[in-house]
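This report refers to the structure that appears directly beneath it.
This chain uses plain numbering: 1 for the first residue, then up along the sequence. All values below come from the heavy atoms of this structure, side chains included, with hydrogens, waters and symmetry mates left out. Start at 1 and go down the list; that is how both ligands and their atoms are numbered. Not measured: the values here are computed from a predicted model.
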Amino acid sequence: MTHRCVIYDLHSHTQVSDGILTPTALVHRAHEMGVDVLAITDHDTTSGLEEAEQAIIEQQLPLQLIAGVEISTQWLGFEIHIVGLNVVPDSMLLCSLLTRQRQQRTIRAEAMADNLAKHNIPNVLTGVRQLAGDATLTRGHFARYLVEIGIASSPSQVFKKFLSKGKPGYVASNWCTIDEAVEVVQGAGGQAVLAHPARYGLSAKWLRRLLIDFKQAGGDAVEVAQCQQAPNERSQLAKYAQEYQLLASLGSDFHYPCPWLELGRDLWLPENVTPIWATWAR
Ligand code: AMP
Ligand code: MN
Ligand code: MN
Ligand code: MN
């Protein structure tokens, strides 16, 4: 019998937040890409999990689904994302936190649209809602819509010009704290993972401060591997995981099919870390 490594992808999005694929399409794609264990981690919602699990059962896909969520938090003026893995989706505390977070998202979306209207881009919320359907609204939807109406050529251009901190469409949101997110994730039976630590634009000194605070909050793991990383990023993050005694996680943060990023692609952990799944019961 041939042997191959189990492929884990523990960070991905569907249509219920700012992903493009339905939960059904996502699990099919994950299987096609050779993923064995997939976590769906939509922004501040777990509502895609049920459909994904159904699809796996109906199609008898050899894919293990991990119930996840990605929670936005505020930390010293930065927006830090905490991924929860293996949560019980209908845990009361988790549900009520996520409901509050989604209310904040609605309030922020309205304020963002008002700001953009003042910059001569009217009726953005109507357009965004049309594009997003029932999804939990994120800046990703705003970016996509503004590209659609020709305001910029790509989502990243929209972020640069309008949606990043200090730009006309940016509105700070009243997210929960890291402590709250960790507590609620763990209260729901899950593990709390510091998402994409290299993507917050923090200096080494500030990143250490974040890791210390996350550890202090009782955080379990840090994302060490993603498909697209600067050359030394993975080994540096692995060192931090070791130093702060955090488990290591990994994930594509897949949102939609594109050439530069794929489910399960290039996801492996350096030898010197403990994978988060080493703590999972078999
Ligand atoms: P939010 O949680 O509403 O603040 O939106 C954050 C989401 O916007 C991220 O999860 C990404 O999907 C998307 N995003 C953030 N920065 C960028 C960027 N520079 N280019 C494209 N999409 C981005
Ligand atoms: Mn997103
Ligand atoms: Mn994120
Ligand atoms: Mn994400």
Side-chain angles (χ1 to χ4, degrees), residues 9-21 26 30 38-46 48 66 68-75 77-85 98 100-113 115-116 124-125 128-129 131-132 135-148 151-167 169-176 181 185 192-202 222-223 225-229 249-258 260-263 267:
D9 188 335
L10 303 179
H11 189 151
S12 70
H13 295 272
T14 77
Q15 229 173 50
V16 306
S17 69
D18 57 0
I20 293 218
L21 301 186
L26 186 80
L38 175 76
I40 293 182
T41 56
D42 276 304
H43 297 283
D44 295 312
T45 181
T46 56
I66 303 294
V69 64
E70 182 171 18
I71 302 175
S72 292
T73 72
Q74 47 184 343
W75 176 79
F78 293 96
E79 296 189 38
I80 304 299
H81 291 180
I82 304 296
V83 161
L85 295 179
L98 297 184
R100 262 183 289 142
Q101 294 273 108
R102 290 194 299 270
Q103 284 163 353
Q104 289 304 324
R105 285 186 172 279
T106 305
I107 294 168
R108 182 186 61 156
E110 286 162 0
M112 285 171 67
N115 284 359
L116 290 166
V124 171
L125 196 53
V128 165
R129 285 221 162 99
L131 175 143
T136 298
L137 291 184
T138 75
R139 283 184 292 167
H141 295 107
F142 277 77
R144 233 180 274 150
Y145 175 68
L146 291 177
V147 170
E148 204 176 277
I151 297 292
S153 57
S154 69
S156 61
Q157 283 301 316
V158 181
F159 268 87
K160 238 184 219 158
K161 287 190 202 160
F162 297 102
L163 302 182
S164 311
K165 212 167 167 180
K167 297 298 154 77
Y170 181 81
V171 175
S173 197
N174 198 16
W175 306 127
C176 67
V185 162
V193 184
L194 178 63
H196 43 64
R199 247 196 268 153
Y200 303 117
L202 300 173
V222 53
E223 277 182 4
Q226 298 179 263
C227 349
Q228 271 197 315
Q229 288 181 300
S249 187
L250 81 195
S252 60
D253 202 4
F254 181 90
H255 283 73
Y256 48 84
C258 64
W260 56 88
L261 188 153
E262 187 54 79
L263 287 161
L267 294 177

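- Residue nearest to atom 10 (O) of ligand 1, selected from Gln104, His43, Glu70, Gln101: His43 (by heavy-atom distance).
- Taking CG from Leu10 and OG from Ser252, the interatomic distance works out to 9.5 Å, rounded to the nearest 0.5 Å.
- If you take CD on Gln101 and SG on Cys176, they are separated by 4.0 Å, rounding to the nearest 0.5 Å.
- Atom numbering of ligand 1 starts at 1 in the shown order; those under 4.0 Å from a heavy atom of His255 are 10 (O), 12 (O).
- Annotation: the span from Asn115 atom CG to Lys167 atom NZ amounts to 14.5 Å, rounded to 0.5 Å.
- Looking at ligand 1, you'll find an N or O of Arg105 within less than 3.5 Å of one of its N or O atoms.
- Distances from the Mn ion (ligand 2) to the N/O/S atoms of Asp18 are shortest for OD2.
- A pairwise comparison of heavy atoms in Ala181 and Ile71 identifies CB-CG2, 4.1 Å as the closest pair.
- Of all protein heavy atoms, the one closest to atom 7 (C) of ligand 1 is Asp18 OD2, 3.6 Å.
- Protein heavy atom nearest atom 8 (O) of ligand 1, with residue, atom name and distance: Phe159 CZ, 3.3 Å.
- Side-chain N/O atoms of Gln226 and His11 include no donor and acceptor closer than 3.5 Å.
- Proximity to Thr138 (heavy-atom distance under 4.0 Å) selects the following atoms of ligand 1: 3 (O), 5 (O).
- Between the side chain of Thr73 and the main chain of Ile80, a donor-acceptor pair closer than 3.5 Å is present.
- Looking at heavy atoms from C-beta onward, Leu26 lies in side-chain contact with Leu38 at the 4.5 angstrom threshold.
- Contact annotation for His13 and ligand 1: no heavy atom of the residue comes within less than 4.0 Å of the ligand.
- Remark: distances from the non-hydrogen atoms of Arg108 to ligand 1 include one below 4.0 Å.
- Under the 30°/60° scheme for interplanar angles, the aromatic rings of His43 and His81 are found to stand perpendicular.
- Taking atom 5 (O) of ligand 1 as the reference point, the nearest protein heavy-atom neighbour is Arg139 N, 3.4 Å.
- Taking each heavy atom of Ala143 and Phe159 in turn, the nearest pair found is CB-CE1, 3.7 Å.
- Separation of atoms CZ (Arg105) and OG (Ser72) is listed at 4.5 Å; rounding is to 0.5 Å.
- No more than 12 heavy atoms of other residues, nucleotides or ligands sit less than 6.0 Å from atom NZ of Lys160.
- For the Mn ion (ligand 4), the count of nearby protein N, O or S atoms, meaning those under 2.8 Å away, is 4.
- Without hydrogens or angle criteria, Arg139 side chain to Leu163 main chain gives a donor-acceptor distance under 3.5 Å.
- Annotation for ligand 1: atoms under 4.0 Å from non-hydrogen atoms of Ser156 are 20 (N).
- Of the N or O atoms in His81, none lie within a sub-3.5 Å distance of an N or O in ligand 1.
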